[in-house]
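A short worksheet on the structure shown next.
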Amino acid sequence: MNERDFADLAAGHALNALSEADERAYQEALAGNPHWSSHVRDATDAVAAISATIEPVEPPASIRASLLARITDLPQEGTAGPESNSADAEDYAAAGPAPVVSEPSAPTLTTSGWGMRRWFTLAASIVAVLVLGFGAVTVSQQLTRPASVVALEQITTAPDAQSATATMPGGAVATAHWSASTGQSVLVTEGMPTLPDDQTYELWFVRDDTPIAAGIFSTDAEGKATAVLQGEFHSGDVIAVTVEPAGGSPDGTPSSAPVVAVATA
């Protein structure tokens with residue numbers, strides 16, 4: 001299973017919409033790849049945000065008919081043909097045993113691949129329309145918000161939210177936001193120099209003088225970025241940024257001096 005497939009399962013888990021087999025696959029993948037837990041948090045946060053911000057709206061009656069029509073269009077299992085009459089049965093019996101012809105087995109429905117996603121998409125659309133009504137557009141907007149924006153919102157609304165700003169010699173500004181209770185931290189930049197294609201900015205937690213890689217990020221043309229640090233924030237961490245080769249530090253340690261360092265203690 002790759003990370004994208006796991007993200008799909010994480011969304012289904014947050015909606016309590018996984019089959020038993022997919023739930024087992026989800027749990028096994030999470031146990032074997034704990035660094036994918038950010039997808040779990042993002043999916044859970046998105047569902048929570050939807051339930052907190054969207055009021056139920058009664059959908060129009062035409063919606064039900066439209067959804068039923070979509071369901072009807074899906075391929076259905078074949079139905080058995082008409083039963084033969086008793087006269088035909090007697091004729092077949094008189095003719096003796098019929099030769100056995102091996103027929104290809106019917107395709108088996110599985111819960112993986114595009115088949116499962118088709119049903120999941122249909123189920124999700126039914127839930128979005130029937131439960132949230134015309135708020136479905138807002139649901140889409142909530143689900144597609146960047147993880148860094150969601151994290152920043154959670155940090156700033158936490159009771160222990162804190163922030164600190166550092167200004168670089170060239171005038172660029174970097175503001176770190178963090179919350180020990182949520183274990184999250186985000187760096188917001190403005191005016192950071194644009195890097196060439198073979199370089200990237202990398203985030204670090206500096207904890208007890210030990211740098212811990214926390215993800216890479218890039219800025220837009222104005223040097224702006226909102227980057228969530230991967231991993232759990234600890235009180236007293238220094239949030240730092242270095243310039244690294246594209247893809248991040250090859251050995252997991254900084255290869256240059258920090259261009260940004262924000263103390264949180």
Side-chain angles (χ1 to χ4, degrees), residues 1-8 10 29-30 32-43 45-46 143-156 162-179 182-234 236-265:
M1 179 185 299
N2 59 37
E3 188 170 357
R4 182 175 180 179
D5 290 337
F6 177 79
D8 290 341
L30 180 58
N33 302 275
H35 56 287
W36 290 353
S37 60
S38 60
H39 295 294
V40 180
R41 184 170 62 245
D42 292 344
D45 292 343
L143 289 174
T144 56
R145 288 195 305 166
S148 56
V149 174
V150 174
L152 180 59
E153 181 179 285
Q154 293 174 339
I155 291 170
T156 55
Q162 297 186 65
S163 65
T165 298
T167 302
M168 298 171 61
V173 176
T175 301
H177 300 262
W178 68 89
S179 162
T182 66
Q184 298 182 94
S185 53
V186 169
L187 187 72
V188 179
T189 69
E190 185 170 355
M192 294 277 284
T194 302
L195 298 178
D197 292 341
D198 61 347
Q199 291 183 325
T200 188
Y201 288 113
E202 184 156 7
L203 294 158
W204 305 87
F205 291 117
V206 182
R207 188 173 300 155
D208 298 327
D209 296 326
T210 300
I212 302 170
I216 61 176
F217 72 96
S218 59
T219 64
D220 63 14
E222 297 178 350
K224 294 181 179 180
T226 301
V228 60
L229 280 81
Q230 302 297 322
E232 185 175 2
F233 168 82
H234 290 187
D237 284 347
V238 173
I239 295 174
V241 178
T242 61
V243 176
E244 301 292 341
S249 171
D251 62 0
T253 61
S255 63
S256 63
V259 295
V260 172
V262 181
T264 66

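In this chain, residues are counted from 1 in sequence order. In this text, all values refer to a predicted model and were calculated from it rather than measured experimentally. When reading the values below, keep in mind they use all heavy atoms of this one structure, side chains included, and skip hydrogens, waters and symmetry mates.
The minimum heavy-atom distance linking Thr194 with Ala221 is given by the pair OG1-O, 4.1 Å. Of all heavy-atom pairs between Leu203 and Val228, the closest is CD1-O, 3.9 Å. Here the closest non-hydrogen pair linking Thr156 and Glu153 is OG1-O, 3.1 Å. Nearest approach of Ala10 to His39, heavy atoms of both residues: CB-O, 3.9 Å. Between Trp178 and Ala164 the shortest heavy-atom distance is CZ3-N, 3.5 Å.
Asn2 places a side-chain N or O within donor-acceptor distance of the main-chain N or O of Arg4, the cut-off being under 3.5 Å. The backbone N or O of His35 lies less than 3.5 Å from no partner atom in the side chain of Asn33, so there is not a single donor-acceptor pair. A donor-acceptor pair under 3.5 Å is formed between the side chain of Ser148 and the backbone N or O of Thr226.
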Which side-chain N or O atoms in residues 237-254 pair as donor and acceptor under 3.5 Å with protein atoms at least two apart or in another chain?
from   : atom 1 : to     : atom 2 : distance (Å)
Asp237 : OD1    : Arg207 : NE     : 2.8
Asp237 : OD2    : Arg207 : NE     : 3.3
Asp237 : OD2    : Arg207 : NH2    : 2.8
Asp237 : OD2    : His234 : N      : 2.9
Thr242 : OG1    : Trp204 : NE1    : 2.8
Thr242 : OG1    : Glu244 : OE2    : 2.7
Glu244 : OE1    : Ser255 : N      : 3.4
Glu244 : OE1    : Ser255 : OG     : 2.4
Glu244 : OE2    : Ser255 : N      : 3.0
Ser249 : OG     : Asp251 : OD1    : 2.9
Ser249 : OG     : Gly252 : N      : 3.3
Ser249 : OG     : Thr253 : N      : 3.2
Ser249 : OG     : Thr253 : O      : 2.4
Asp251 : OD1    : Thr253 : N      : 3.1
Asp251 : OD1    : Thr253 : OG1    : 2.9
Asp251 : OD2    : Thr253 : OG1    : 3.2

For residues 185-192, which side-chain N or O atoms pair as donor and acceptor with protein atoms under 3.5 Å away, sequence neighbours left out?
from   : atom 1 : to     : atom 2 : distance (Å)
Thr189 : OG1    : Gly223 : O      : 3.1
Thr189 : OG1    : Ala225 : N      : 3.1

Show your reasoning for whether side-chain contact (heavy atoms from CB on, under 4.5 Å) applies to Phe233 and Thr264. CA-CA 10 Å; Phe233 168 82; Thr264 66; 3.6 Å; yes

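In this structure, the separation between CG on Leu152 and CD on Gln184 is 10.0 Å, given to the nearest 0.5 Å.
Between Ser179 and Gln154 there is no side-chain heavy-atom pair separated by less than 4.5 Å.
Taking the six-membered ring where the residue is Trp, Phe6 and Trp36 present tilted rings, their angle falling between 30° and 60°.
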